[in-house]
Amino acid sequence: MTRILGIESSCDETAAAIVDSGRRIIAQRIASQDEAHRPYGGVVPEIAARAHAEKLAPLIEATLQDAGMTLDDLDGIAATAGPGLIGGVMVGLVTAKALAMASGKPLIAVNHLEGHALSPRLADPELDFPYALLLISGGHCQLLRVEGAGRYRRFATTIDDALGEAFDKTAKILGLGYPGGPKVEQLAREGDAKAVPLPRPLVGSGEPHFSFAGLKSAVLRARESGKYADADIAASFQRAARDCVTDRTRIALEAMGEVTALVVAGGVAANGVLRAALEELAANFGLRFVAPPLPLCTDNAAMIAWAGIERFEPGKSDPLDYAARPRWPLDPDAAPVRGAGVKA
Ligand code: KG4
Ligand code: ZN
C-alpha cells in the first residue's frame, strides 16, 4: 500500500491530506481563506500567499496527527507545483521539498489540473479511462478527454472568463458577496429564468470553446437598466450559463470519440441546475454521469495526493529544484485559441 501526503496551496484553500493506493483518505484538513478575501470580492494573491505561509505547516502537523502517522509512515510528499497563484504555489512546493529533504522521501510535483482530472477516480473505482471531463471552477473552464494519468487531450477552453468567475462577477453585480456561485444559485430559485433576455456566447459554434465575458456584461447592463428584479437576473444568468455549458459539452462529446463517462469537476459542479442538465446530456449520449462528492470537486489536497499516487509508481520522484509553474497546461499540444487571454 502506497501512502502519500498531498499539499494544496494554489488558490485560496490551504489543504493537506494523506491518501493511500487503496483509495482511502486517511486524514485531511482544509483551511479556507474566504473571510480574508471577502472584503475585496475576489482572491488577492498577496493575502493568499501570506495566509498559506502561516497556516500550512501547522495544518500538515495536524493532518499527520489525525492519521496517527509521522513522515516515516509516508511513501512520498506530493504538492501542487502549478498552475495557480505563484506565491501560494511556492509556499506549498517549498514546504513539500523541505519535508521530502528532512524525511528522505520522494517529492512528487503535481499539476493542480491533473488533481481535478483524476480525483473522480479516487471516489469511483469503476471509472475507467478514457472519460470526458468538464472542469468548471473559478479559475478553470475546460473540456478534456482523460486518457490516462499524464495523458490528456484538451477539446475546449475559455477564451475569456472561467464559468465560476462569471458566477462570482454576477454575484458582485447583484451585491451578493463572495464567493458568489452558491448565492447566485440560491437567489435564482426565487426568480424567473425567462425574464431577462441574455446572450449565449458561442452557442452554435462548431468548436466547443467557452466565452462568458459578454454574458457578464449583459448581466451588468440588465442590472443597471433598473427594469428587472435581482432574482430574475440571477435565474436568467444561470439559465444562460447552463445553455452555454450543455451546448459546448455536446459539441465536445461529438468530437471526442468513445468515452466511458461524462465527468464534471471543479467548484461550479456544485450547481444543481447545471448538474441536472449535464446528467440529461450524458443520458442522451448513453454515457454514465459522474460527479464526485463536493469536497472532492472543490480545491482540496486529497486530489493532489491521489494524483501523486496515480501519476508516479512508488519511488519515482521529481528533483528538489523542481520549479513552480504559474501556467502548466495539461495538454501542451492543444492549439492556442484565437482571442484567448492568459488563463492556464
Ligand atoms: O474549485 P473551486 O473551489 O476553486 C477554484 O479552483 O476556482 O471553485 C470555486 C468556484 C467559485 O467561482 C464559486 O463561485 C463556484 O466555484 N461555485 C459555484 C457554486 N458553488 C461554488 N458556482 C455556481 N453554483 C454553485 N452552487
Ligand atoms: Zn482548482
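Ligands are counted one by one from 1 in listed order, and the atoms in each one are counted from 1 as well. None of the values given here were measured: they were computed from a predicted structure. The figures that follow rest on heavy atoms only: side chains count, while hydrogens, waters and symmetry mates do not.
- Of all protein heavy atoms, the one closest to atom 15 (C) of ligand 1 is Val268 CG2, 3.9 Å.
- Around atom CD of Glu61, no more than 12 heavy atoms belonging to other residues, nucleotides or ligands sit under 6.0 Å away.
- Residue Asp299 has at least one nitrogen or oxygen atom sitting less than 3.5 Å from a nitrogen or oxygen atom of ligand 1, judged on distance alone.
- Residue contacts with ligand 1: Gly266 is placed with no nitrogen or oxygen under 3.5 Å of a nitrogen or oxygen of the ligand (distance criterion only).
- Of all atoms in ligand 1, listed by their number and element, those nearer than 4.0 Å to a heavy atom of Gly139 are 7 (O).
- With ligand atoms numbered from 1 in the order given, ligand 1 contributes 12 (O) to contacts under 4.0 Å with heavy atoms of Gly164.
- A salt bridge links Lys216 with Asp161: the closest approach of a Lys/Arg side-chain nitrogen to an acidic carboxylate oxygen falls below 4.0 angstrom.
- In terms of protein heavy-atom proximity, atom 22 (N) of ligand 1 is closest to Gly181 CA, 3.4 Å.
- Of the polar atoms of Asn271, at least one N or O is found under 3.5 Å from an N or O of ligand 1, judged by distance alone.
- Using cut-offs of 30° and 60° for the angle between ring planes, the His112 and His116 rings count as perpendicular.
- With waters left out, the protein N, O or S atoms under 2.8 Å from the Zn ion (ligand 2) add up to 3.
- Other residues, nucleotides and ligands contribute over 12 non-hydrogen atoms within 6.0 Å of the CZ atom of Arg275.
- The closest protein non-hydrogen atom to atom 12 (O) of ligand 1 is Asp168 OD2, 2.7 Å.
- Think of Leu294 as one node in a network of Ile, Leu, Val, Met, Phe, Trp and Tyr side chains linked at under 4.5 Å; it has no links at all.
- For Gly138, a nitrogen or oxygen atom sits less than 3.5 Å from a nitrogen or oxygen atom of ligand 1, counting backbone and side chain alike.
- With hydrogens left out, the protein atom closest to atom 26 (N) of ligand 1 is Glu185 OE1, 2.8 Å, a heavy atom.
- Ligand 1 lies out of reach of Cys11, whose nearest heavy atom is not under 4.0 Å from it.
- Note on Val196 and Leu220: same hydrophobic cluster, where clusters join Ile, Leu, Val, Met, Phe, Trp and Tyr whose side-chain heavy atoms are under 4.5 Å apart, directly or indirectly.
- No more than 12 heavy atoms of other residues, nucleotides or ligands shown are found within 6.0 angstrom of CE on Met90.
- No donor-acceptor pair under 3.5 Å is formed between the side chain of Lys55 and the backbone N or O of Thr14.
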Solution key, residues 277-289 side-chain donor-acceptor pairs under 3.5 Å, sequence neighbours excluded:
unit_1 : atom_1 : unit_2 : atom_2 : d
Arg288 : NH2    : Asp124 : OD2    : 2.4

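- In this model, a donor atom of one side chain and an acceptor atom of the other lie less than 3.5 Å apart for Ser211 and Asp160.
- For Tyr322, the ring pair (Phe, Tyr, Trp, His ring centres under 6.0 Å) test picks out no residue, with sequence neighbours left out.
- Here Thr298 has heavy atoms under 4.0 Å from ligand 1 in both its backbone and its side chain.
- The minimum heavy-atom distance between His209 and Thr157, with the atom names listed, is ND1-N, 3.1 Å.
- In this structure, the protein non-hydrogen atom closest to atom 1 (O) of ligand 1 is Gly267 N, 3.0 Å.
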